[in-house]
Amino acid sequence: MSDTPSSVVRRFVEEYQTGADERAFAELMHPDVVDHSRPPGIAEGAEGVRQQFDGFRAAFPDFRATILDQIAEGDRVVTRKVFHGTHLGELQGIPATGREVEIHVIDIVRVADGRIVEHWNVVDRLGLMQQLGAVPGAEPAAAG
């Protein structure tokens, strides 16, 4: 299988985001990746990406990602996906609730020489906070 941009992103989602495979992370993520959507307080580059997923895995030990749609053009790949997990550890100061959550995400990544070099995303943080009971509002309906 050739390392097309979409196959690089799919492998990253399946092998690292879901599988926590550090070898896949090192192979697929450029050390100096530019994360345009990096939250405050998160390191730059690949270390910041790892920091974010370490935090997710601490809060959601059964964390997994499912690709819903993927569109590629040139060196860019757009992925609509959902993160699933059971909230069993602290997340952003919110103690474990035991609730199962879905976090809807749309990513755009740029791939060069078989590695992710640039990233943008939109995350439904409000929906996540509602599911955890941290903000008022009905739990959002799952998008299909």
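Values in this document were obtained by computation on a predicted structure and should not be read as measured data.
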* Closest approach of G98 to T86 (non-hydrogen atoms, all atoms of both residues) -> O-CG2, 3.6 Å
* **Side chains of V9 and V111 in contact at under 4.5 Å (non-hydrogen atoms)** => yes
* **Pairwise side-chain contact, L28 with F12, heavy-atom cut-off 4.5 Å (strictly under)** => yes
* So, for V33 and A46, which heavy atoms are closest and what is the spacing to 0.1 Å? -> CG1-N, 3.5 Å
* Check for a donor-acceptor pair, side chain of E100 on one end and backbone N or O of H84 on the other, with a separation under 3.5 Å. => no
* F83 backbone acceptor or donor facing E102 side chain under 3.5 Å -> no
* Asked: Side chains of V122 and V105: does their closest heavy-atom pair fall under 4.5 Å?
  -> no
* Return the orientation label for the F53 and F63 ring planes: parallel under 30°, perpendicular over 60°, tilted otherwise. => perpendicular
* Asked: Do T18 side-chain atoms and E15 backbone N/O form a donor-acceptor pair below 3.5 Å?
  -> no
* Linking directly or through intermediates, with side-chain heavy atoms under 4.5 Å: list the remaining ILVMFWY members grouped with W120, chain and number order. => V78, I106, I108
* Asked: Aromatic rings F60 and H87: how do their planes relate, parallel, tilted or perpendicular, breaks at 30° and 60°?
  -> tilted
* I would like to know whether L128 and V101 meet side chain to side chain contact (heavy atoms under 4.5 Å, CB included); could you show each step before the answer? => CA-CA 7 Å; L128 171 60; V101 300; 4.0 Å; yes
* Structure fact -> Value for CD (Q52) from CD (Q17), rounded to nearest 0.5 Å, stands at 10.0 Å
* To do: Please check if the side chain of Q131 supplies one atom and the backbone of G127 the other of a donor-acceptor pair under 3.5 Å.
  => yes
* Asked: How many angstroms lie between atom CZ of R125 and atom CD1 of I103, to the nearest 0.5 angstrom?
  -> 9.5 Å
* To do: Just grab all the salt bridge (Lys or Arg N to Asp or Glu O under 4.0 Å) pairs involving residues 54-68, residues at least two apart or on different chains.
  => none
* Asked: So do the side chains of M129 and I94 get within less than 4.5 Å of each other, counting heavy atoms only?
  -> yes
* Measure the spacing between OG1 of T79 and CD1 of I71 and express it to the nearest 0.5 Å. => 9.0 Å
* Asked: From H119 NE2 over to R110 CZ, what is the distance, rounded to the nearest 0.5 angstrom?
  -> 13.5 Å
* Asked: Roughly how far, to the nearest 0.5 Å, is the CG atom of D107 from the OG atom of S37?
  -> 8.0 Å
* Asked: Does anything in residues 30-40 pair up under salt bridge (Lys or Arg N to Asp or Glu O under 4.0 Å), and if so which pairs, sequence neighbours excluded?
  -> R38-E44
* Between NZ on residue K81 and CD on residue Q70, distance to nearest 0.5 Å -> 9.0 Å
* Is the closest side-chain heavy-atom distance between L132 and L91 below 4.5 Å? -> yes
* Asked: Between E27 and R115, is the closest basic N to carboxylate O distance under 4.0 Å?
  -> no
* Verify the cluster assignment for I42 and V117: are they in a single hydrophobic cluster under the rule of side-chain heavy atoms below 4.5 Å apart? => no
* Asked: Do V8 and P5 come close enough that some side-chain heavy atom pair is under 4.5 Å?
  -> no
* To do: Specify the closest pair of heavy atoms between R50 and F25, including all atoms of both residues, with the distance to one decimal.
  => NH2-CD2, 2.9 Å
* **E73 and R76 ion-paired at < 4.0 Å** => no
* Asked: Regarding H36 and E118, is there a side-chain donor-to-acceptor distance under 3.5 Å anywhere?
  -> yes
